[in-house]
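Remarks on the structure that follows.
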Amino acid sequence: MTLEEHARAIEAAIQAAADDGCFIDNGQGLTPGRMDLNKVDDAGDPEAWVELSLPRSPLD
């Protein structure tokens, strides 16, 4: 899978959890403003990234 395909699969899993009432939060009950999936090279440096779209918590 490509980085983009992995990102879309993660988004789908997070959306399925949100549909069941489970949300990603920042430790204070609020949805993080941004989340990225990074591809890291052998030296440990990010070489590519894709932003994930997160469903908003009803608490936001």
Please give me the minimum heavy-atom distance between [X] and [Y], naming the atom from each residue.
X: A18; Y: F23; result: CB-CE2, 3.6 Å
X: R56; Y: P32; result: NH1-O, 3.9 Å
X: S53; Y: E11; result: N-OE2, 2.6 Å

Give the other cluster members for [X], using side-chain heavy-atom distances under 4.5 Å between Ile, Leu, Val, Met, Phe, Trp and Tyr residues; answer none if it is isolated.
X: L59; value: none
X: V40; value: none
X: M35; value: L3, I10, I14, I24, L37, V50, L52, L54

Is a side-chain donor or acceptor of E5 paired with a backbone partner of T2 at a separation under 3.5 angstrom?
-> yes

Can you name the side chain to side chain contact (heavy atoms under 4.5 Å, CB included) partners of D41, sequence neighbours left out?
-> A43, D45, E47

Can you tell me which residue pairs pass the salt bridge (charged side-chain N to carboxylate O under 4.0 Å, His left out) test with a partner in residues 13-23, sequence neighbours excluded?
->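 Qualifying pairs, neighbours excluded: none.
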
Taking only residues at least two apart or on different chains, which pairs with a member in residues 23-33 satisfy side chain to side chain donor-acceptor pair (under 3.5 Å)?
->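 Qualifying pairs: T31-D60.
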
Listed partners of R34 passing salt bridge (charged side-chain N to carboxylate O under 4.0 Å, His left out), at least two apart |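 Testing R34 for salt bridge (charged side-chain N to carboxylate O under 4.0 Å, His left out), a comparison that skips the adjacent residues, returns D36, E51.
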
